[in-house]
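This report concerns only the one structure given below.
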Amino acid sequence: MIKYLGSKRTLIPTLSRLGQASGAKTALDLFTGTTRVAQAFKKVGMNVIASDIASYSECFGKTWIELDGDSANHTELAEALGDLQNLRGEAGYFTEKFCIEARYFQPKNGERVDAIRERIESDYRGTWLYYPLLTSLILGADRVDSTTGIQMAFLKGWASRSGNSLELRDPELLAGSGESIRGDALEIVKHLPPVELAYLDPPYNQHRYFSNYHVWESLVRWDKPDTYGIANKRLDARDAEMKSPFNSKKTMAKALEQLVADLKCETMVLSYNNESWLSRSDLLDIAGKKGHVEIVDFDFKRYVGSQIGVFNKAGERVGIPGAKRNIEHIVIAGEKSIVQRMVASIK
Ligand SMILES: C[S@@+](CC[C@H](N)C(=O)[O-])C[C@H]1O[C@@H](n2cnc3c(N)ncnc32)[C@H](O)[C@@H]1O
């Protein structure tokens with residue numbers, strides 16, 4: 001899986017147990033990011049809707065949530081991956097923007113990303129292989145990047161993993177059914193069917209995913225936009241409509257309140273942490289609209305970038321790492337007996 005700010009990797013066993021204890025057969029993961037949580041729900045047999053505003057997240061959702069690994073033609077996928085793996089590199093947009101002007105990847109890998117991405121577009125668009133191949137390319141590129149995990153800056157010298165050769169691996173499709181949707185949570189939520197379990201993991205602070213992961217966004221869209229600054233971010237990252245109300249202290253609470261009001265679910269699970277703008281009592285108020293509320297706290301290992309240090313735009317270390325622990329809150333709301341059963345399952 002890609003390195004992702006706020007990814008719930010270490011909470012997956014807990015969220016999976018909570019999901020099972022809820023007894024839900026249908027679930028929604030509304031800020032799905034890497035789709036880890038949606039995958040965990042799918043693995044325990046739920047029909048899952050995964051949704052996010054990012055194109056790369058939609059690509060992951062089309063791969064791991066929408067496709068049924070039991071009915072997919074794995075030989076066809078393996079052959080396509082093998083053909084792409086053998087392509088000779090050819091420098092293009094990706095190499096120029098992200099390996100030469102900015103240095104997120106070594107040019108030898110960037111040239112292969114260019115060649116593979118062009119071939120996926122010309123030979124696989126419109127086929128069932130399109131998204132799994134793209135997912136495999138993103139995962140392969142992430143394994144050889146030269147960042148601390150966000151694409152606001154690259155390291156001054158090459159990270160040692162960036163010298164490895166890009167390798168396309170089987171993305172390992174999951175059995176079961178689901179759906180992947182791209183869009184603004186506040187809009188999407190109005191049109192979704194009711195689900196038994198809804199999981200919400202909105203952004204925590206002012207850091208915008210659209211800017212933090214602009215390379216993946218451009219790699220999936222393949223629209224080759226003009227860029228700006230040392231980080232070579234997409235020009236449209238500056239547009240007002242790309243700003244999420246969840247990234248502003250002023251608008252965050254209201255946005256979440258509206259979202260919860262429009263959400264049609266029996267049980268709601270919301271992730272939040274002690275570095276975010278909402279207080280415990282804000283959380284209780286907002287979640288209370290869905291019934292009985294309990295909050296469980298977890299000591300959660302801080303995102304790796306902040307353990308390594310604080311970097312400026314040129315990737316130079318300019319600050320000392322912050323405290324290494326943060327507290328993740330899991331807020332559970334719904335019918336009292338279900339909420340209590342869920343809490344008991346993780347104690
Ligand atoms: C904390 S991350 C979710 C991480 C995810 N649970 C995981 O484990 O990978 C928040 C996500 O919200 C998405 N996002 C931000 N604003 C959004 C909006 N207005 N509507 C939908 N998704 C949004 C971001 O793209 C990001 O993937």
Side-chain angles (χ1 to χ4, degrees), residues 1-16 18-19 27-43 48-61 63-65 135 138-139 142 149-151 180-192 197-217 220-221 234 237 239-248 251-252 254-260 262-263 269-278 298 300-305 326 328-331:
M1 185 50 76
I2 58 164
K3 299 179 275 303
Y4 204 59
L5 202 63
S7 154
K8 292 296 162 291
R9 185 174 56 84
T10 53
L11 277 180
I12 290 302
T14 304
L15 290 169
S16 181
L18 284 173
L28 166 68
D29 180 6
L30 197 52
F31 297 85
T32 194
T34 59
T35 73
R36 273 180 199 285
V37 179
Q39 289 185 40
F41 291 162
K42 187 178 177 186
K43 282 179 189 162
V48 189
I49 300 173
S51 169
D52 196 286
I53 205 158
S55 305
Y56 54 83
S57 178
E58 180 190 30
C59 170
F60 297 150
T63 302
W64 285 308
I65 306 305
T135 292
I138 298 173
L139 265 58
D142 185 65
I150 49 172
Q151 296 161 348
S180 166
I181 303 175
R182 178 162 71 90
D184 187 325
L186 285 161
E187 267 313 302
I188 279 186
V189 75
K190 297 179 195 156
H191 312 291
L192 288 173
L197 178 67
Y199 175 66
L200 308 185
D201 186 17
Y204 299 91
N205 49 36
Q206 72 281 9
H207 298 303
R208 294 164 52 218
Y209 284 81
F210 195 79
S211 303
N212 278 334
Y213 297 102
H214 62 96
V215 176
W216 301 148
E217 191 66 28
V220 170
R221 293 192 190 190
R234 303 171 57 90
D239 294 353
E241 67 265 26
M242 294 305 174
K243 299 208 162 77
S244 172
F246 296 96
N247 289 133
S248 154
T251 48
M252 156 86 218
K254 271 229 141 346
L256 190 59
E257 224 175 283
Q258 185 60 51
L259 187 70
V260 171
D262 289 338
L263 190 64
V269 174
L270 170 72
S271 273
Y272 236 77
N273 83 12
N274 62 336
E275 295 181 327
S276 59
W277 293 312
L278 294 183
F298 288 84
F300 196 43
K301 201 158 182 281
R302 198 184 265 257
Y303 169 70
V304 65
N326 66 357
E328 188 80 20
H329 308 297
I330 296 190
V331 185

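By convention here, the first residue in the shown sequence is residue 1. Only this structure's heavy atoms are used, side chains among them; waters, hydrogens and symmetry mates stay out. Every number for a ligand or one of its atoms is a count from 1 in the order of the listing.
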Heavy-atom distances under 4.0 Å decide this one: backbone, side chain, both or neither, for [X] against ligand 1?
| X | answer |
| --- | --- |
| Ile188 | neither |
| Phe31 | both |
| Ser244 | side chain |
| Phe210 | neither |

Heavy-atom donor-acceptor pair, [X] side chain to [Y] backbone, under 3.5 Å:
| X | Y | value |
| --- | --- | --- |
| Glu58 | Ile181 | no |
| Thr32 | Ala50 | no |
| Lys8 | Gly6 | yes |
| Lys3 | Asp142 | yes |
| Glu328 | Asn273 | no |
| His214 | Ala237 | no |

Ligand-side contact atoms (ligand 1) for residue partner Thr32, heavy atom cut-off under 4.0 Å: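 Contacts of ligand 1 toward Thr32, numbered from 1: 5 (C), 7 (C), 9 (O).
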Plane angle bin for Tyr4 and Tyr209 - parallel if under 30°, tilted between 30 and 60°, otherwise perpendicular: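 Tyr209 and Tyr4: tilted rings.
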Could you identify the single nearest non-hydrogen protein atom to [atom] and state the distance to 0.1 Å?
| atom | value |
| --- | --- |
| atom 8 (O) of ligand 1 | Lys8 N, 2.9 Å |
| atom 20 (N) of ligand 1 | Ala185 N, 2.8 Å |
| atom 2 (S) of ligand 1 | Tyr209 OH, 3.3 Å |
| atom 10 (C) of ligand 1 | Asp201 O, 3.3 Å |

ring-ring contact (aromatic ring centres under 6.0 Å, His included) between Phe246 and Phe31, intermediate numbers included: CA-CA 11 Å; Phe246 296 96; Phe31 297 85; 5.2 Å; yes
Residue-ligand contact Ser271/ligand 1, heavy atom below 4.0 Å: no
Close approach, Ser57 and ligand 1, non-hydrogen under 4.0 angstrom: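 It does not; every heavy atom stays at 4.0 Å or beyond.
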Closest by any non-hydrogen atom to [atom]: pick that one out of [options].
| atom | options | value |
| --- | --- | --- |
| atom 19 (N) of ligand 1 | Leu5, Asp184, Leu30 | Asp184 |
| atom 11 (C) of ligand 1 | Val189, Ile181, Ile53, Asp52 | Asp52 |
| atom 15 (C) of ligand 1 | Ser51, Ser7, Pro203, Gly183 | Pro203 |

Ligand 1 N/O within reach of [X] N/O, cut-off under 3.5 Å:
| X | result |
| --- | --- |
| Thr34 | yes |
| Tyr4 | yes |
| Val37 | no |
| Tyr199 | no |
| Thr35 | no |

Distance in Å, Lys190 NZ paired with Asp184 CG, rounded so as to fall on 0.5 Å steps: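 CG of Asp184 is found 8.5 Å from NZ of Lys190.
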Distance in Å, Asp29 CG paired with Lys42 NZ, rounded so as to fall on 0.5 Å steps: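 Spacing of CG (Asp29) from NZ (Lys42) equals 13.0 Å.
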Pair Asp52 + Arg182: basic N to acidic O under 4.0 Å: no
Heavy-atom pair with the smallest gap, counting every atom of Tyr56 and Ile138: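 Between these two residues, the closest heavy atoms are CB-CD1, 4.3 Å.
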